[in-house]
There are 2 protein chains.
Amino acid sequence: MKKVLLIDDEERMLELLALYLKPYHYDCRKALGPKEGLQYIEEERFDIVLLDIMMPDMDGWSVCREIRQHSDVPIIMVTAREQKVDIVKGLKLGADDYITKPFNEEELVARMNALLRRAKPGNHVEMDGLLWDRDRFELSYKNQYIKLTPKEFSLIGLLMQNPGRVYSRNQLIDLVWGMYSETEGRTVDSHVRNMREKIREVGFPIDDYFHTVWGVGYKWIRK
Amino acid sequence: MKKVLLIDDEERMLELLALYLKPYHYDCRKALGPKEGLQYIEEERFDIVLLDIMMPDMDGWSVCREIRQHSDVPIIMVTAREQKVDIVKGLKLGADDYITKPFNEEELVARMNALLRRAKPGNHVEMDGLLWDRDRFELSYKNQYIKLTPKEFSLIGLLMQNPGRVYSRNQLIDLVWGMYSETEGRTVDSHVRNMREKIREVGFPIDDYFHTVWGVGYKWIRK
DNA sequence: AAATTAATTTGAAATATTTTAAAAACTGCA
DNA sequence: TGCAGTTTTTAAAATATTTCAAATTAATTT
């Protein structure tokens, strides 16, 4: 499901946008005002951002520039009415498109899809702020990067991608190490320990998610 | 220089568009009508297409659909006036943006650039003062030129254009050396070493950007 | 509660990967 | 052909990861 960040300083507009997008099964996060918006950007990964450019304490262009410091995420500016100069300014600052209020639902969704179509599809899973990204070979929590070894990285990736499923040590060895590996089951434990420790350090409640199934193996549980 | 294909059935409009774009150094190809346009698409590679949707013998949407059969090239539709329904239809058929006549030069160029920015091959990238320029075959930092060999140059270009993404040695060999190369993975290391050394010499903090991902490969990180 | 079984922790040895450095092979061109 | 710059290969030194076994801790069974 695509994650959308809505940034506006009017509660009502946020609700309206979310309502529009609801039937299309986007996962909407509402940010009331630029500060909150930028904070979310720092903490999470989004597929697209809808940004209102008429906000009192910080104008949309500054927000646009700020976002571009951190991320390449597609940005659609939302403007009150057509103002050619502003549009050009926004596009130059790194926005990808704009749409004017009042807009119709269909056009909004069509524009979002046109942008999402161009975005490179990534291979990732996210759980309560913990992001596993195969393309980047990175695990991160709220923009803190957790340095993992290759085995640790594959291990957690497999588990996160199959929440609820138990894997025995031998299954994990087959899947992560590769079939016909001579490695012993106990070795998995060491990697699990090291991995848990590293993730605990950045403040993610790993023990709520990564469970030991006594006598069987390990599983990742979806909260 | 970016290649632009203009498709319209009015000679006058083609001239006008070309005139608008002239100061921005685009390489414009004019196609009078949809047939000619589709023929060019088959014969040449373009960076972007400007497509008028009001043409008599074949409507713009059919052209749009046809183009998408052959190519992923970014398409901007040009419409006579705002017609919401039509816009949505075009976007759904694979167009990326639209602009209404009469339009202003600045907005047209801004929209083209926004699309070209997302399109894959960039001719230059800049990161914290380090400039990679394909047209000049030059890498420079604060006006100091760093002399690179062709392999080194492609290598850093690929990485800088895809910040965050890890590339394995084999992927790099496929992408830089070309598929089916017999070259060994370790060879990449040598080029990496030499390149790092040359860039370090001019004072750019290359080690903050160009990272080794242990057990996997290399990546460029955006700071 | 004691006995049993399994998981975790620990640290050191074994392996694997990357870096460094230098030599060998190759390429385009005068 | 021979040169100068480039690319590739190779081997060693430096780093980082993985493994494994012993000691400890925790959970389960009797």
Side-chain angles (χ1 to χ4, degrees), chain A residues 137-139 145-159 166-201 206-221, chain B residues 137-139 145-159 166-201 206-221:
Chain A
F137 202 85
E138 271 175 1
L139 184 74
Y145 292 94
I146 304 161
K147 205 180 162 226
L148 297 183
T149 69
K151 289 283 186 294
E152 291 161 5
F153 184 76
S154 308
L155 214 45
I156 193 175
L158 175 65
L159 279 274
V166 200
Y167 289 92
S168 73
R169 291 174 175 70
N170 283 334
Q171 284 180 307
L172 290 171
I173 287 171
D174 285 350
L175 292 165
V176 172
W177 275 252
M179 206 121 40
Y180 313 126
S181 166
E182 301 290 318
T183 309
E184 290 222 10
R186 290 288 139 230
T187 297
V188 175
D189 299 28
S190 286
H191 291 283
V192 165
R193 181 195 111 74
N194 296 334
M195 197 196 72
R196 278 176 166 156
E197 175 62 17
K198 288 178 184 176
I199 297 175
R200 229 187 314 264
E201 272 172 12
I206 182 70
D207 302 306
D208 295 346
Y209 291 86
F210 192 104
H211 284 204
T212 299
V213 182
W214 214 88
V216 185
Y218 300 99
K219 74 154 80 166
W220 183 276
I221 64 159
Chain B
F137 200 85
E138 270 174 1
L139 185 73
Y145 292 94
I146 303 161
K147 201 174 167 235
L148 297 184
T149 69
K151 289 283 187 297
E152 291 161 3
F153 185 75
S154 309
L155 212 45
I156 193 175
L158 175 65
L159 279 272
V166 199
Y167 289 92
S168 72
R169 292 174 173 70
N170 284 333
Q171 284 180 306
L172 290 170
I173 286 172
D174 285 351
L175 293 165
V176 172
W177 274 252
M179 206 116 44
Y180 313 127
S181 165
E182 299 290 318
T183 309
E184 289 216 15
R186 291 287 139 228
T187 299
V188 176
D189 301 29
S190 289
H191 290 282
V192 165
R193 184 188 112 77
N194 297 335
M195 196 197 73
R196 278 175 166 157
E197 178 61 19
K198 288 177 184 176
I199 297 175
R200 229 186 315 261
E201 273 171 11
I206 182 70
D207 301 306
D208 295 346
Y209 291 87
F210 193 106
H211 284 204
T212 299
V213 182
W214 213 93
V216 184
Y218 298 99
K219 74 157 77 166
W220 183 277
I221 65 160

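The figures here come from the full heavy-atom set of this structure, side chains too, leaving out hydrogens, waters and symmetry mates. Naming: A, B, ... by sequence-line order, numbering from 1 per chain.
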Q.
Rounded to whole Å, how long is the line connecting atom CZ of B/R193 with atom P of D/dT10?
A. 18 Å

Q: Report the nucleotide, chosen from C/dA7, D/dT9, C/dT19, that has the shortest atom-to-atom distance to any side-chain atom of B/T187.
A: D/dT9

Q: Output the single nucleotide from C/dA6, C/dT18, D/dT18 whose closest atom is nearest the side chain of A/W177.
A: D/dT18

Q. Between C/dT17 and B/T212, is there an OP1 or OP2 to side-chain N/O distance shorter than 4.0 Å?
A. no

Q | Non-hydrogen atoms of A/P150 and B/W214 that approach each other most closely | A | CG-O, 3.5 Å

Q) Whole-Å distance between C/dA6 P and A/N170 CG? A) 13 Å

Q: Supply the atom-to-atom distance B/S181 OG to B/L172 CG, rounded to the nearest 0.5 angstrom.
A: 12.0 Å

Q) Between D/dT7, D/dT6, D/dA21, which nucleotide has the shortest distance from any of its atoms to the side chain of B/H191? A) D/dT7

Q: Specify the separation, in whole Å, of atom CG of A/L155 and atom C1' of D/dT19.
A: 14 Å

(Q) So, does B/R186 get its side chain near the phosphate of C/dT18, meaning an N or O under 4.0 Å from OP1 or OP2? (A) yes

Q.
In whole Å, I'd like the distance from the CZ atom of B/F153 to the C1' atom of D/dT6.
A. 16 Å

Q: Calculate, to the nearest 0.5 Å, the distance between atoms CZ and CD belonging to B/R193 and B/E152 respectively.
A: 11.0 Å

Q: Name the residue closer to the 5' end of DNA chain D, choosing between A/K147 and B/E184 according to the nucleotide with the nearest heavy atom.
A: B/E184

Q.
If I take atom CD from residue A/E201 and atom CD1 from residue A/I146, how far apart are they, to the nearest 0.5 angstrom?
A. 9.5 Å

Q) Are B/R169 and C/dT17 close enough that a side-chain N or O sits under 4.0 Å from OP1 or OP2? A) no

(Q) Which nucleotide wins on minimum distance to the side chain of B/P150, given the candidates D/dC20, D/dT6, D/dT8? (A) D/dT6

Q) Nearest-Å distance, CE (A/M195) to C1' (C/dT9)? A) 15 Å

Q. If you check the B/W214 side chain, which of D/dA16, D/dT10, C/dA7 turns out closest?
A. D/dA16

(Q) Just to verify, which of A/Y209, A/Y167, A/F210 counts as forming a ring pair (Phe, Tyr, Trp, His ring centres under 6.0 Å) with A/Y218? (A) A/F210

Q. Are A/R196 and C/dT8 close enough that a side-chain N or O sits under 4.0 Å from OP1 or OP2?
A. yes

Q) What distance do A/R186 atom CZ and A/R169 atom CZ have between them, rounded to the nearest 0.5 Å? A) 4.5 Å

Q | Phosphate-side-chain proximity, B/S190 and D/dT9, N/O vs OP1/OP2 below 4.0 Å | A | no

Q) Taking OH from B/Y218 and P from C/dT18, how many angstroms apart are they, rounded to a whole number? A) 7 Å

Q. To the side chain of B/T149, which of D/dT9, D/dT7, C/dT8 is closest?
A. D/dT7

Q: For B/T183 and for A/K151, locate the closest nucleotide of DNA chain D by heavy-atom distance; then report the residue assigned to the nucleotide nearer the 5' terminus.
A: B/T183

Q: Calculate the interatomic distance between A/E152 atom CD and D/dT17 atom C1'; express it in whole Å.
A: 9 Å

Q.
Without decimals, in angstroms, what is the distance between B/D189 CG and D/dT8 C1'?
A. 12 Å

